[in-house]
Student: 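Quick one: structure below, then a few questions.
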Amino acid sequence: MSATPDVTRAPLRELVAAVRATAAAVRGGDPVSAPEPRLERSRRAGQGDYSTNAAMLLAPVLRAPPAEIATRLASELAHALGDDLERTEVAGPGFLNLVLSDRWHRRTLRLVLDAGERYGAGHAEDPERILIEFVSANPTGPLVAASGRHAAYGDALARILEYHGHEVSREYYFNDAGSQIRLLGESVKARAEGEEVPAGGYRGDYVGELATEIEGVSELDPERVAALAVELLLGRIKATLARYQVRFDRFFSERTLHQGSPSELERVLSLLRDAGHVYESEGAVWLRTTRFGDDKDRVVIRSSGEPTYLAADVAYLQDKRERGFQRQLMPVGADHHAYVRELRAAMSALGGDAETVEVPILQFVHLVEGSERAAMSKRRGEFVTLDELLDEIGVDATRFFMLQRSHDRTLDLDLDLARRESSENPVYYVQYAHARIASMLRRLTAERVQRAIGGDSGWGEAELHASERELIKQLAQFPDEIAEAAQRRGPHRIAVYSLELAQSFTAFYRDCHVVGATPEPVESFRIALSVAAQRTIAASLSLLGVGAPEAM
RNA sequence: GCCCCCGUAGCUCAGCUGGAUAGAGCGACGGCCUUCUAAGCCGUGGGUCGCAGGUUCGAGUCCUGCCGGGGGCGCCA
C-alpha cells in the first residue's frame, strides 16, 4: 500500500525488536529452537508498562534460573533502549517488567501523530487479493435482522482487511434461478389470484405487496412473475444495505452461470470431468468430493437434468479464482457449516488450494426485549426485518451491537439497551468521547491546534500523569489490534478496542485539564494527545462502519 | 449415531493462540454537576472459568473423556 516511512508505523514494533534482539544476544549461538519472546501489556499497576516472558523461554535453553537470565536481559535492554527506559524489574516466575520513561511516551505520541490519518494502516506482511462474498441472501424476501449480522461482519472485515493492506473486493451472490425462485413466482401469482400459495411457498406480507406492484400478474407466466419479483426484492435489499452503510462492488447473478453455450457451469463441470473427479450414478452426475476429505460424494446434476446449487456455487468459485483472487472469504450462517467441507473439496478438485477458501461461521442472532425472544426465521409471517431493526435502534447501534461479539458465538441483541441514548449504551459511550474531544477543540483556534500537534513550541518536560501514559499506551496498541482483527477475521476486536480507548480518553479527560492548562507546553501536549485520541477513535469507528459525530 | 460451534459474575460477553492476584458492560447498592459535553465520573458487592483426568516451571487457554445448550448430517438453498 502506501510507502509510509517505517518509523511512523507501529510504535511498539521497535520495542518488540529491541526485546528480541536482546534475548538473542543473551542466548548466544545456541542452536536449540525456542519460541520468540513476547512483549505484553502489563495488566496491573506495579508490573511496569510492558513485560516480557523472554527469560522464562530461555531458561531451559540456557539451563539457568529465569530470574538470573532476566537480570542479564535487563542490563542488555537498558543499553539498547537508553533514555526510553525508566527502569526494569524482575518479578514473579521470571517476568521482566519494563517501566518506560516519559520520553518514550512523548516519542510514541509523536509517532502516532506523524502517521496521520493512516495510523495503523498498511501493516499486512503479505498483502493479498481477497474476495469476500457475504450476505448473499436469496432475493425471495426482505433482509431479516440476522442478515444484519452477516452484513455488518462482512463489511467491517472488508474494511479492516483493506486498512491492513490487502486488496479487497466485496460481492453479493444471489440465486435468481432454481426451485426457490420458481416457488416465489408461484407464490406471488397465487396471492394475486386469491389462491392458496403452494406448499413450502412464501407467505409474508411482502408477497401480497409484490402481487399488487407487478402489473397484470395473472396474465404473466410464473417464470416472468418470478423474474420481476426478484428484481423488485433485490432493489429493496440494495436499498437496505445502502442505508446500513454496507457497500458491494458487485452483485453476482447465479443465472449468468447458466447462460450461454457452453454455460460457465458446463465449462467448469467439464474441467472437473477432465480431471477425473466426476462420475455418473443412479441417473445423476456426482462430484467425487470424498477424495478431498468430504464424508460423501455430492450430486452436481440431478437425475432430472437440473444442476444443484452446489454446481452453480462451484462454477462461481472457479469464476472468482480465474479472476485472480488469491483468497476467498465467504462467511455463512451456522446452519450452513456442513457446506464448508463441500466447497473446500470442490476447490481441491479444481486444482486449487482448499486453504484459500475460508468460511467463517456466523452464529445466530436473538433479539431480546426484556425476557422475550423474537423469532428470526423467514418462515411464516413472523420475522423482524433488518429495516424494522434499523427503524427501531438506528444504523450505528445496530452495527455496533452486531460487531461487539465474536462472530462464532450466538448473539443476544438487547433492544432495550440498544435503544437507550446514554452511556449505558456502549456505542454512544464511544461516540460521546469523540464528540467531547471535538467540542473541546472547538474552543481553540485551528492555528493553536496545529501548533500543538506540530510540537512547535515544545511539549515540555513535566512529569506525565498516569492517565496520560495510559492513553498513549492505548493508542500505541492500535496497529496490533488491527493486525489481530485482520488475521483472525475478528472485527469484534476493534469494537472492544474502541470501548477501551474511549475509557482511557475519558479517564485522561477527568484527570487532566486540557484547554488552559499551564504552562503552555503542557497545554500543547494535551491538545496533541486529544487529537491523536480523536483520530484513533474515529478510525476505529470507521472500521466498524459506525459514525463519529462532532457533536451529540 | 457421526460432524461443527458454545458452557467464564445475577444477565450479555472479552480474555491478545500457555503467563503473575481472571476482566468489561448491563443490572443491584452508595456517592459526585459554580472549571474543557452529567449522553459523564467515583466507590461497593458479586467467580469451584460446566465436571473429571492429563501435558509442565505455569492451564480459562492445549489433549482425552463425560455432562449441558445450539446447529448440521437432502438429487433443498
Side-chain angles (χ1 to χ4, degrees), chain A residues 35 38 40-44 46-47 51 53 56 59-60 65-66 91-95 97 136-138 140 175 178-181 183 200 254 281-286 295-296 298-310 312-313 333-341 361-364 368 371 401 404-414 416-417 420-426 428-429 431-433 435-444 477 480-481 483-485 487-488 490 492-493 495-497 499-500 503 506-507 509-517 526 530 551-552:
Chain A
R38 301 173 60 98
E40 298 183 338
R41 183 100 175 268
S42 297
R43 289 209 202 109
R44 62 190 82 238
Q47 295 181 357
S51 64
N53 60 350
M56 290 179 285
F95 288 102
N97 296 334
S136 296
N138 284 351
T140 52
N175 298 104
S179 55
Q180 296 304 312
I181 298 303
L183 259 178
E254 180 198 345
S281 174
E282 301 164 49
V285 179
W286 299 69
D295 51 4
K296 56 174 291 195
R298 307 289 168 175
V299 171
V300 280
I301 305 290
R302 288 184 265 256
S303 45
S304 67
E306 274 187 285
T308 61
Y309 68 94
L310 177 64
D313 282 2
D335 51 341
H336 286 80
H337 75 82
Y339 192 41
V340 177
R341 208 182 290 175
I361 304 299
L362 271 59
Q363 296 294 330
F364 297 148
V368 179
S371 53
F401 274 72
Q404 217 184 159
R405 308 306 188 192
S406 176
H407 61 88
D408 59 7
R409 310 196 39 152
T410 55
L411 173 73
D412 279 11
L413 200 163
D414 185 339
D416 288 332
L417 181 59
R420 261 179 271 176
E421 297 195 357
S422 73
S423 66
E424 294 153 345
N425 183 336
Y428 287 105
Y429 184 86
Q431 291 183 319
Y432 183 65
R436 211 177 210 182
I437 300 172
S439 158
M440 200 172 69
L441 296 177
R442 276 195 293 272
R443 302 170 76 93
L444 301 161
Q477 206 66 27
D480 289 338
E481 297 290 346
E484 284 291 328
Q487 279 157 21
R488 296 167 69 154
H492 77 284
R493 285 165 179 278
V496 172
Y497 173 78
L499 267 169
E500 289 171 353
Q503 277 168 338
T506 303
Y509 180 85
R510 177 193 68 225
D511 295 333
C512 303
H513 207 84
V514 178
V515 179
R526 290 179 178 171
S530 299
M552 290 179 77

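All chains are named by letter (A, B, ...) in the order of the sequence lines, taking the proteins before the strands, and each is independently numbered beginning at 1.
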Student: Relative to the 5' end of RNA chain B, which residue comes earlier, R488(A) or A551(A), by the nucleotide with the nearest heavy atom?
Tutor: R488(A)
Student: Rounded to the nearest Å, what distance is computed from the CG atom of residue D416(A) to the C1' atom of nucleotide U12(B)?
Tutor: 13 Å
Student: Taking all non-hydrogen atoms of both residues into account, name the closest pair between A334(A) and Q363(A) and its distance.
Tutor: CB-OE1, 3.5 Å
Student: Give the rounded distance in Å between these two atoms: CD1 of I437(A) and P of C36(B).
Tutor: 16 Å
Student: If we take the C1' atom in both A52(B) and C11(B), what is their distance in whole Å?
Tutor: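 So the two C1' atoms sit 28 Å from each other.
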Student: Under the criterion side-chain contact (heavy atoms from CB on, under 4.5 Å), I'd like the reasoning laid out for T506(A) against R436(A): C-alpha separation, chi angles, the key distance, then a yes or no.
Tutor: CA-CA 9 Å; T506(A) 303; R436(A) 211 177 210 182; 3.8 Å; yes
Student: Does A14(B) have OP1 or OP2 sitting under 4.0 Å from an N or O in the side chain of R409(A)?
Tutor: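 Looking at the OP1 and OP2 atoms of A14(B), one of them is under 4.0 Å from a side-chain N or O of R409(A).
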Student: Whole angstroms only, please: what is the CG-C1' distance between N425(A) and C26(B)?
Tutor: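 Taking atom C1' of C26(B) as the reference, CG of N425(A) is at 11 Å.
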Student: Side chains of E40(A) and N53(A), heavy atoms from C-beta outward: is any pair under 4.5 Å?
Tutor: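 No; the side chains remain at least 4.5 Å from each other.
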Student: Who does A52(B) pair with, Watson-Crick or G-U, both distances under 3.5 Å?
Tutor: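 A52(B) is paired, partner U64(B).
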Student: Report the glycosidic orientation of U64(B): syn if within 90° of 0, anti in every other case.
Tutor: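 Chi for U64(B) falls in the anti range.
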Student: Using atom C1' in both nucleotides, what's the gap between C3(B) and U61(B) to the nearest angstrom?
Tutor: 24 Å
Student: Between C62(B) and C76(B), how far apart are the two C1' atoms, rounded to whole Å?
Tutor: 39 Å
Student: Scan nucleotides 42-44 of chain B against the protein and return all N/O pairs shorter than 3.5 Å with their distances rounded to 0.1 Å.
Tutor:
residue, atom, partner, partner atom, Å
C42(B), OP1, R510(A), NH1, 2.5

Student: Could you tell me the separation between the CG atom of L413(A) and the P atom of C13(B), rounded to a whole number of Å?
Tutor: 10 Å
Student: If you define the side chain from C-beta out and look only at heavy atoms, does anything of Y509(A) sit under 4.5 Å from M440(A)?
Tutor: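 With C-beta onward as the side chain, the pair touches.
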Student: Expressed as a whole number of Å, how far does the P atom of G43(B) sit from that of G23(B)?
Tutor: 15 Å
Student: A24(B) and A14(B): how far apart are their P atoms, nearest whole angstrom?
Tutor: 16 Å
Student: Treating S530(A) as the side-chain partner and I437(A) as the backbone partner, does any N or O pair qualify as donor plus acceptor under 3.5 Å?
Tutor: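 A pair under 3.5 Å: no.
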Student: Taking any strand in view, what nucleotide pairs with U12(B) in a Watson-Crick or G-U wobble way, both distances under 3.5 Å?
Tutor: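 Pair assignment: U12(B) / A24(B).
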Student: Quick one, L411(A) and Q404(A) - any side-chain contact, counting heavy atoms below 4.5 Å?
Tutor: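 A side-chain contact under 4.5 Å is absent here.
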Student: When you look at R442(A) and S439(A), which way does the side-chain contact (heavy atoms from CB on, under 4.5 Å) test go after all the steps?
Tutor: CA-CA 5 Å; R442(A) 276 195 293 272; S439(A) 158; 3.5 Å; yes
Student: Using a cut-off of 4.0 Å on non-hydrogen atoms, how would the nucleic acid contact of V496(A) be classed: base, sugar-phosphate, or nothing?
Tutor: sugar-phosphate
Student: Taking 4.0 angstrom as the limit, do R409(A) and D412(A) come out as a salt bridge?
Tutor: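 Salt bridge flag = no for D412(A) with R409(A).
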Student: Which parts of nucleotides 68-76 of chain B does protein reach within less than 4.0 Å, heavy atoms only, written one letter per nucleotide 5' to 3' as B for base, S for sugar-phosphate only and - for none?
Tutor: ---BS-SBS
Student: What is the distance, to the nearest angstrom, from the CZ atom on F401(A) to the C1' atom on A14(B)?
Tutor: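 After rounding, the reported distance stands at 15 Å.
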Student: Quick one, V300(A) with V285(A), criterion side-chain contact (heavy atoms from CB on, under 4.5 Å). Give me CA distance, side-chain angles, the key distance, then yes/no.
Tutor: CA-CA 6 Å; V300(A) 280; V285(A) 179; 3.8 Å; yes
Student: Roughly how many Å is it from CZ in R41(A) to C1' in C16(B), rounded to a whole number?
Tutor: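 Answer to the nearest Å: 11 Å.
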Student: Over how many whole Å does the gap from D414(A) atom CG to G10(B) atom P extend?
Tutor: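 From D414(A) CG to G10(B) P: 18 Å.
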Student: Which value, in whole Å, describes the distance between the P atoms of nucleotides C5(B) and C63(B)?
Tutor: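 Between the two P atoms, the distance is 11 Å.
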Student: Where does C33(B) land, syn or anti, once you apply the within-90°-of-0 test for syn?
Tutor: syn
Student: When you measure from the side chain of R526(A) to the backbone N and O of H513(A), does any donor-acceptor pair fall under 3.5 Å?
Tutor: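 Such a contact is found between R526(A) side chain and H513(A) backbone.
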Student: Are OP1 or OP2 of C41(B) and a side-chain N or O of Y429(A) less than 4.0 angstrom apart?
Tutor: yes
Student: Under 5.5 Å between ring centres and under 30° between planes: does that hold for H513(A) against the base of U35(B)?
Tutor: no
Student: Any protein N or O atoms within reach of nucleotides 19-24 of chain B? Criterion: under 3.5 Å, listing atom names and distances.
Tutor:
residue, atom, partner, partner atom, Å
A20(B), OP2, R43(A), NH1, 2.5
A20(B), OP2, R43(A), NH2, 3.4
A20(B), N6, S51(A), OG, 3.1
A20(B), N6, N97(A), OD1, 2.7
A20(B), N1, N97(A), OD1, 3.3
A20(B), N1, N97(A), ND2, 3.3
U21(B), O2', R44(A), NH1, 3.4
U21(B), O2', R44(A), NH2, 2.7
G23(B), OP1, R44(A), NH2, 2.8

Student: Can you give me the closest heavy-atom contact between P66(A) and G94(A), atom names plus distance?
Tutor: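 In terms of heavy atoms, the two residues are closest at CB-CA, 4.0 Å.
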Student: Using a 4.0 Å heavy-atom cut-off, does A59(A) contact any base of the nucleic acid, only the sugar-phosphate backbone, or nothing at all?
Tutor: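 No contact at all - A59(A) keeps every heavy atom at 4.0 Å or more from the nucleic acid.
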Student: Does G15(B) have its OP1 or OP2 closer than 4.0 Å to a side-chain nitrogen or oxygen of H492(A)?
Tutor: yes
Student: So do the side chains of F401(A) and N425(A) get within less than 4.5 Å of each other, counting heavy atoms only?
Tutor: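 Yes, close enough: below the 4.5 Å cut-off.
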Student: Can you check the distance between G53(B) and G19(B), where both ends of the measurement are the P atom (answer in whole Å)?
Tutor: 23 Å
Student: What integer number of Å spans the C1' atoms of C26(B) and G46(B)?
Tutor: 14 Å
Student: Go ahead and name the base partner of C2(B); Watson-Crick or wobble counts if both distances stay under 3.5 Å, otherwise write none.
Tutor: G72(B)
Student: Could you report the tightest heavy-atom contact between S51(A) and F95(A), atom names first, then the distance?
Tutor: OG-CD2, 4.4 Å
Student: Take atom CZ of R436(A) and atom C1' of U35(B), then tell me their distance rounded to the nearest Å.
Tutor: 13 Å
Student: For N175(A) and for T506(A), locate the closest nucleotide of RNA chain B by heavy-atom distance; then report the residue assigned to the nucleotide nearer the 5' terminus.
Tutor: T506(A)
Student: Side chain of N138(A) only, heavy atoms from C-beta on: which candidate in A77(B), C13(B), C36(B) is closest?
Tutor: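 For N138(A), the side-chain atoms sit closest to A77(B).
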Student: Under 3.5 Å, is there a donor-acceptor pair between the N175(A) and E254(A) side chains?
Tutor: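 Yes, E254(A) and N175(A) have a side-chain donor paired with an acceptor closer than 3.5 Å.
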Student: Who is the Watson-Crick or G-U wobble partner of G43(B), with both distances under 3.5 Å?
Tutor: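 C29(B) is the nucleotide pairing with G43(B).
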